[in-house]
**Q** 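Next up is a structure, given as structure tokens.
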Amino acid sequence: MFIDLRWLLFAACALVLWFVCVLVNEQIGLWNISIYLMGVTLVIPALRLSFRAGLAAIALPALLMDAQMPLPFGASLFIFCLVWLLVRANVKNIRLNNFLHMTLAAQLCNLLCFVGLSLFMAENSLAYWLRALTDLALSQLLLLIVAPWFFALEKNLMRALNLDLQLPTNAQRP
Amino acid sequence: MARKPAPLSTWPFWALLAFLVAWWVLPLGWRTAARSLFSTFQAPLWQAYSRLQDLQAYWALRTHSKNTLIEAGRDLARMNAFKENQLQQNESLRKEILRLEELLQLPPHEGFRYEVARVMRRDLNTWWQQLVIRKGEIDGLKPGQGVIFSGGVVGRVREVRAHNATVDLISSPRFRMAANFEGDTRPFAYRGVRNLPLMRPTGEISDVPPGIAMHSQDPRRIVTSGLGGVFPEGLSLGTLTKPLERGADGLFLRGEIELDERLLNLEEVTVLVPLENP
């Protein structure tokens, strides 16, 4: 059985981004603002990995994050899976080498993940939605800078490890 | 002629639905075990990160000049002298309490052991406000125990693992407790509320008896009531700076209180571990 080990690299990149987000949030939390950028980690695994490898690449970081959250265990995993499946369903419309396509995909993924988590924690309070909107706007703005960096990081790590970004021969596509 | 797009494959969504159903029917024990596994797996990494931060702080302090250290030592000596005086006063008060308990045949006053813990991580985001501290089950921590700092109440322990624990901050909407005004014994409810961006952390008090008149010119401290036994009475929660309003029931009052700004930048806290009476 062919095992595509590229998922480990994508999972590691996602964990690095999570760690960076934690560091930033620790500092900016003083002003009651925060960022959420994890949606960007779903794009390339959805576009370039087989079903099983892609699922592994998003499930490991999602479960590690879930273990730290005061939410039902698996909430992030569910949201990530849903968004990842949506990207996979539109795989023919997104080009990996097109900057605009990738940026839009990252923005959309992050938006859906953020909205998903916000709905999980939703409460009937204006302050909650104001805070959510502010953090979402900040995150999406920051993602314009972070997404190209993150994609470049993933691609360059693949190149450094002599891994191919193209699909493995036995990949199953939707 | 344009090519007809391929129909959308729906099996991955059905697979996700099946997984979700399986996940929900999975016994709670399995899910708890999985959560614990993933939490334990990453705990050493967060510990290492926290200790690296301590090391960074240590080297930053090493760059201070000798004069700064001498000044800090002098200030510490003054504070030590003041604290020693307070310790003596506390000891005499403790003896007085014991004497009165014996005289009035009251049950013994339950105390706390103070477990000082470093803050490993602060999770202050849109959805929750929590701290992860570097003390856990092996230090006697249990869920529900109170957490304080020099400025008053920090929150309550929510989850305990072997070497670390998660604390819900008092600014978190999950946090509720009984409180009262300083110098007034009538209790009311306190709960954390969502904090708006760039604003001070706030909380809400409700079910305040109408006899308590408040004016914005007269800010009053809100303190713990001691009810419930998680916190001793008299610890600061925040300050009421705006006048109280009528609550939804039209009978009791409610208001917004300002919390200590240092809450969002804590590096060290103290957990109140109840002393077990023999």
Side-chain angles (χ1 to χ4, degrees), chain A residues 15 19 21-23 25-36 51 55 60 62-74 77-78 81-82 84-86 88-90 92-93 114 117-118 120-123 125-139 172-174, chain B residues 5-6 8-13 15-16 19-20 23-24 26 28 30-43 45-46 49 53 119 121-130 132 158-159 161 166 168 171-174 193-202 261-265:
Chain A
L15 290 174
F19 181 67
C21 284
V22 168
L23 290 186
N25 281 339
E26 272 203 349
Q27 297 307 315
I28 63 173
L30 294 172
W31 300 295
N32 276 318
I33 47 173
S34 63
I35 54 162
Y36 181 84
F51 187 82
L55 190 63
L60 181 66
L63 287 172
L64 284 168
M65 283 190 285
D66 272 337
Q68 302 289 319
M69 289 178 176
L71 284 175
F73 187 61
L77 179 65
F78 166 62
C81 283
L82 198 63
W84 173 72
L85 285 174
L86 280 171
R88 275 182 73 84
N90 290 291
K92 288 199 171 73
N93 302 320
F114 192 97
L117 272 171
S118 298
F120 250 103
M121 298 291 286
E123 59 180 64
S125 141
L126 180 68
Y128 172 72
W129 291 107
L130 269 176
R131 170 81 198 261
L133 270 177
T134 314
D135 288 354
L136 176 63
L138 186 68
S139 303
Q172 295 169 9
R173 297 299 291 271
Chain B
L8 192 72
S9 173
T10 55
W11 76 265
F13 294 95
L16 178 64
F19 166 76
L20 270 181
W23 189 268
W24 279 321
L26 204 69
L28 186 67
W30 282 89
R31 267 181 289 167
T32 311
R35 187 187 196 122
S36 173
L37 177 78
F38 277 95
S39 186
T40 312
F41 175 73
Q42 60 184 299
L45 298 173
W46 289 114
Y49 160 64
Q53 275 188 319
V119 173
R121 210 176 74 224
R122 292 187 292 267
D123 268 351
L124 311 165
N125 58 33
T126 319
W127 307 291
W128 51 83
Q129 302 232 313
Q130 62 184 27
V132 183
R158 192 187 71 237
E159 200 178 340
R161 291 169 286 271
T166 308
D168 270 334
S171 52
S172 166
R174 293 163 161 265
V193 291
R194 298 281 173 191
N195 293 306
L196 290 171
L198 309 175
M199 305 289 269
R200 273 180 78 112
T202 52
E261 272 181 310
R262 290 173 293 172
L263 263 179
L264 305 179
N265 195 23

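Only a predicted model underlies this, so the values are computations on that prediction, with no experimental measurement involved. Each chain gets a letter, A, B and so on, in the order its sequence line appears, and its residues count up from 1.
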**Q** Do B:Phe41 and A:Leu64 come close enough that some side-chain heavy atom pair is under 4.5 Å?
**A**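 Sidechains of A:Leu64 and B:Phe41: in contact.
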
**Q** Would you check if B:Trp46 and A:Val22 make a side-chain contact, meaning some heavy-atom pair closer than 4.5 Å?
**A**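 SC-SC contact between B:Trp46 and A:Val22 confirmed.
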
**Q** Would you mind checking which part of A:Leu71 comes under 4.5 Å of any heavy atom in chain B, side chain (CB onward), backbone (N, CA, C, O), both or neither?
**A**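 Both parts, heavy atoms under 4.5 Å.
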
**Q** Count the heavy-atom pairs under 4.5 Å between each of B:Asp168, B:Thr166, B:Leu198 and chain A, then report the option with the highest count.
**A**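 Most pairs with chain A among the choices: B:Leu198.
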
**Q** Where is the tightest heavy-atom contact between B:Ser39 and A:Ala67, given as atom of each residue plus distance?
**A**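 Here B:Ser39 and A:Ala67 meet closest at N-CB, 3.7 Å.
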
**Q** Roughly how far, to the nearest 0.5 Å, is the CE atom of A:Met69 from the CH2 atom of B:Trp128?
**A**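 The CH2 atom of B:Trp128 sits 4.0 Å away from the CE atom of A:Met69.
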
**Q** Determine, step by step, whether B:Leu196 and A:Leu130 satisfy the side chain to side chain contact (heavy atoms under 4.5 Å, CB included) criterion, reporting the C-alpha distance in whole Å, the side-chain angles of both residues, the deciding distance to 0.1 Å, and the verdict.
**A** CA-CA 7 Å; B:Leu196 290 171; A:Leu130 269 176; 3.8 Å; yes

**Q** How long is the gap from CG on B:Leu264 to CD1 on A:Ile28, to the nearest 0.5 Å?
**A**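 Spacing of CG (B:Leu264) from CD1 (A:Ile28) equals 12.0 Å.
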
**Q** Working to the nearest 0.5 Å, report the span between CG of B:Asp123 and CD of A:Glu26.
**A**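 Here the rounded value is 8.0 Å.
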
**Q** Who among A:Tyr36, A:Trp31, A:Tyr128 has the most heavy-atom pairs with chain B under 4.5 Å?
**A**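 Between A:Tyr36, A:Trp31, A:Tyr128, the count favours A:Tyr128.
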
**Q** Distance check, rounded to the nearest 0.5 Å: B:Arg194 atom CZ versus A:Leu126 atom CG?
**A**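 Spacing of CZ (B:Arg194) from CG (A:Leu126) equals 12.5 Å.
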
**Q** Considering only heavy atoms, which portion of B:Arg200 lies under 4.5 Å from any heavy atom of chain A: side chain, backbone, both, or neither?
**A**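 Backbone only.
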
**Q** Among A:Leu55, A:Leu85, A:Leu82, A:Leu23, who wins on heavy-atom pairs under 4.5 Å with chain B?
**A**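 Maximum pair count with chain B is reached by A:Leu85.
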
**Q** Please report the closest heavy-atom contact between A:Arg131 and B:Asn195, naming both atoms and the distance.
**A**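 Closest approach of A:Arg131 to B:Asn195, heavy atoms only: CD-O, 3.4 Å.
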
**Q** For the residue pair A:Phe73 and B:Arg31, what are the closest heavy atoms and their distance?
**A**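 Distance-wise, the nearest heavy atoms are CD2-O, 3.8 Å.
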
**Q** Please answer whether the main-chain N or O of A:Pro70 pairs with a side-chain N or O of B:Glu159 as donor and acceptor at a distance below 3.5 Å.
**A**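 Flag not set: sc B:Glu159 to bb A:Pro70 has no pair under 3.5 Å.
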
**Q** Between B:Gln129 and chain A, which part of the residue has a heavy atom less than 4.5 Å away: side chain, backbone, both or neither?
**A**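 Answer is side chain: those atoms of B:Gln129 sit under 4.5 Å from chain A.
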
**Q** What distance separates B:Asn125 CG from A:Asn25 CG, expressed to the nearest 0.5 Å?
**A**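 So the CG of B:Asn125 and the CG of A:Asn25 are separated by 6.5 Å.
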
**Q** So which residue, A:Asp135, A:Leu60, A:Leu15, ends up with the most heavy-atom pairs under 4.5 Å with chain B?
**A**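 Highest number of heavy-atom pairs under 4.5 Å: A:Asp135.
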
**Q** How long is the span from the OG atom in A:Ser34 to the CZ atom in B:Arg122, to the nearest 0.5 Å?
**A**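 So the OG of A:Ser34 and the CZ of B:Arg122 are separated by 14.0 Å.
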
**Q** Picking from B:Leu263, B:Leu124, B:Val132, which has the most non-hydrogen pairs under 4.5 angstrom with chain A?
**A**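 Top option by heavy-atom pairs under 4.5 Å: B:Leu124.
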
**Q** B:Tyr49 vs A:Phe19 aromatic rings, parallel, tilted or perpendicular, using cut-offs 30° and 60°?
**A**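 Taking A:Phe19 first and then B:Tyr49, their aromatic rings stand perpendicular (interplane angle over 60°).
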
**Q** Show your reasoning for whether ring pair (Phe, Tyr, Trp, His ring centres under 6.0 Å) applies to A:Phe114 and B:Trp127.
**A** CA-CA 10 Å; A:Phe114 192 97; B:Trp127 307 291; 4.9 Å; yes

**Q** For B:Thr126 versus A:Ala132, what's the shortest heavy-atom pair and its separation?
**A**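 For B:Thr126 versus A:Ala132, the nearest heavy atoms are CG2-CA, 3.3 Å.
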
**Q** Sort A:Leu77 into side chain, backbone, both or neither according to what part of it lies under 4.5 angstrom from a heavy atom of chain B.
**A**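 Looking at A:Leu77, just its side chain touches chain B.
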
